[in-house]
There are 2 protein chains.
Amino acid sequence: MNEEQIKKAGEILSDPRNQKEEVQALQDTIYVIGGKWRLLIINSICNGNRRFREIQRSIPGITTRMLSRELKDMEANQLIKRTVTQTETVLVEYTETDYCMSFGGIILEMIRWGKQHREKIKQA
Amino acid sequence: MNEEQIKKAGEILSDPRNQKEEVQALQDTIYVIGGKWRLLIINSICNGNRRFREIQRSIPGITTRMLSRELKDMEANQLIKRTVTQTETVLVEYTETDYCMSFGGIILEMIRWGKQHREKIKQA
DNA sequence: GTTACCAGTATCATTGATGATACCAGTGTT
DNA sequence: AACACTGGTATCATCAATGATACTGGTAAC
């Protein structure tokens with residue numbers, strides 16, 4: 001085995017390892033943001049919607065039940081903060097955490113894809 | 001209403017429209033790549049895995065049934081091409097289409113997120 | 001001849017995610 | 001008084017996604 005062959009073998013051997021790591025990373029991410037609503041809620045809150053009904057109105061098709069469940073889960077997992085203010089009337093606000101913001105890249109890429117896809121469909 | 005106010009009003013009015021478009025784009029994308037396996041299969045094939053068992057081995061946890069279903073569906077939707085070669089023994093190969101490649105950005109972002117996430121968990 | 005690989009299909013069971021609908025207590029609006 | 005809005009909860013139903021397991025028909029290796 002000459003030097004080049006050794007180098008090649010190294011690449012071949014190391015490649016599957018990288019692949020495994022990437023597959024695992026992908027699976028983790030899919031697990032965290034899986035489901036029909038999670039990313040939409042994150043996107044909505046990051047876009048400035050803070051009130052329950054406001055968020056609900058911004059996401060076509062979501063029911064109060066699903067939104068309620070997701071918000072609770074996301075609060076438990078530090079994705080958002082829930083704040084209750086007692087003035088004349090009760091005021092509930094949801095705000096994003098830094099952790100939540102870390103999905104920005106994924107969301108932007110998905111929005112880009114969705115827009116391009118719609119363009120292609122239109123043309124055809 | 002002065003010029004500045006007019007400009008501001010324009011922004012306020014245009015913003016909800018952009019939001020709606022983006023929500024729709026997001027929903028489209030989630031619909032297309034939804035589910036536990038779709039992106040993983042795309043990733044696997046784009047990484048050079050072409051044979052059924054090869055793809056299966058590269059994705060921890062997937063069953064033959066799920067892989068079979070997904071591959072069929074993806075073929076029907078032009079995401080991949082299925083090629084059968086008849087030599088001494090039958091050879092089936094799956095290859096990505098250009099359309100399939102368009103998910104690259106999303107996948108890369110998700111891998112990045114997953115890796116960072118694992119780092120954070122480790123540190124804590 | 002037994003074991004193992006390939007590319008799947010078939011059948012059944014489960015369950016998690018989602019939907020539909022109604023409801024509650026409080027405040028404000030007409 | 002009647003209606004609408006707020007931030008949800010409760011209950012029930014359903015369905016799509018997934019899992020488990022077994023099996024098939026052909027080739028090749030030991």
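Below, read A as the first sequence line, B as the second, and so on, with proteins coming before strands; counting in each chain starts at 1.
Phosphate proximity of dG16(C) to Tyr31(A): absent, as no side-chain N or O sits under 4.0 Å from OP1 or OP2. Here Arg38(B) does not reach the OP1 or OP2 of dT18(D): none of its side-chain N or O atoms lies under 4.0 Å away.
Nucleotide dG26(C) holds its P atom 18 Å from the CG atom of Leu91(A), rounded to whole Å. In this entry the distance linking CG of Leu67(A) with P of dA17(C) reads 16 Å, nearest Å. Per the geometry, CZ belonging to Arg51(A) stands 12 Å off C1' belonging to dT27(C), to the nearest Å. Spacing between atom CZ of Arg50(B) and atom C1' of dA7(C) amounts to 17 Å, rounded to whole angstrom units.
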Please tabulate, one pair per line, each protein N/O and nucleotide N/O from nucleotides 19-23 of chain C that are separated by under 3.5 Å, including the distance.
unit_1, atom_1, unit_2, atom_2, d
dG19(C), OP1, Lys36(A), NZ, 2.9
dG19(C), N7, Arg65(A), NH1, 3.1
dG19(C), O6, Arg65(A), NE, 3.2
dG19(C), O6, Arg65(A), NH1, 3.3
dG19(C), O6, Arg65(A), NH2, 3.3

Output a table of nitrogen or oxygen pairs between the protein and nucleotides 23-30 of chain D separated by less than 3.5 Å.
none

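Residues Arg50(A) and Tyr94(A) form no side-chain contact, since every pair of their non-hydrogen atoms from C-beta on lies 4.5 Å or further apart. Using a 4.5 Å heavy-atom cutoff, the side chains of Leu67(A) and Phe52(A) are in contact.
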Extract all donor-acceptor atom pairs below 3.5 Å that involve side chains of residues 104-117 of chain A and protein atoms in other chains or at least two apart in sequence.
unit_1, atom_1, unit_2, atom_2, d
Trp113(A), NE1, Ser102(B), OG, 2.9
His117(A), NE2, Tyr99(B), OH, 3.0

Run the side-chain donor-acceptor check on residues 31-42 of chain B: report pairs under 3.5 Å with partners two or more places apart or on a different chain.
unit_1, atom_1, unit_2, atom_2, d
Arg38(B), NE, Glu70(B), OE1, 2.8
Arg38(B), NH2, Glu70(B), OE1, 3.3
Arg38(B), NH2, Asp73(B), OD2, 3.1

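Under 4.0 Å is where a charged nitrogen must lie from a carboxylate oxygen, and between Lys122(B) and Glu119(B) at least one such pair does.
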Next on the checklist: Set out, in order, the CA-CA distance, both residues' side-chain angles and the distance that settles side-chain contact (heavy atoms from CB on, under 4.5 Å) for Arg82(B) and Ile80(B), then state yes or no.
Outcome noted: CA-CA 7 Å; Arg82(B) 182 177 183 274; Ile80(B) 54 174; over 6 Å; no
Checklist entry - Can you list the steps and then say if Phe103(B) with Asn43(B) is a side-chain contact (heavy atoms from CB on, under 4.5 Å)? => result CA-CA 9 Å; Phe103(B) 294 102; Asn43(B) 180 57; over 6 Å; no
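At a non-hydrogen distance threshold of 4.0 Å, Ser68(A), Lys72(A) from residues 68-81 of chain A come into contact with DNA chain D.
Cluster annotation: Met74(B) is not connected to Ile121(A) through the hydrophobic network of ILVMFWY side chains, with a link wherever side-chain heavy atoms come within less than 4.5 Å.
Other residues, nucleotides and ligands contribute over 12 non-hydrogen atoms within 6.0 Å of the CD atom of Glu75(A).
With sequence neighbours left out, Asn49(B) forms a side chain to side chain contact (heavy atoms under 4.5 Å, CB included) with Gln19(A), Ser44(B), Glu54(B), Ile55(B), Ser58(B).
The minimum heavy-atom distance between Gln27(B) and Ile59(A), with the atom names listed, is NE2-CG2, 4.3 Å.
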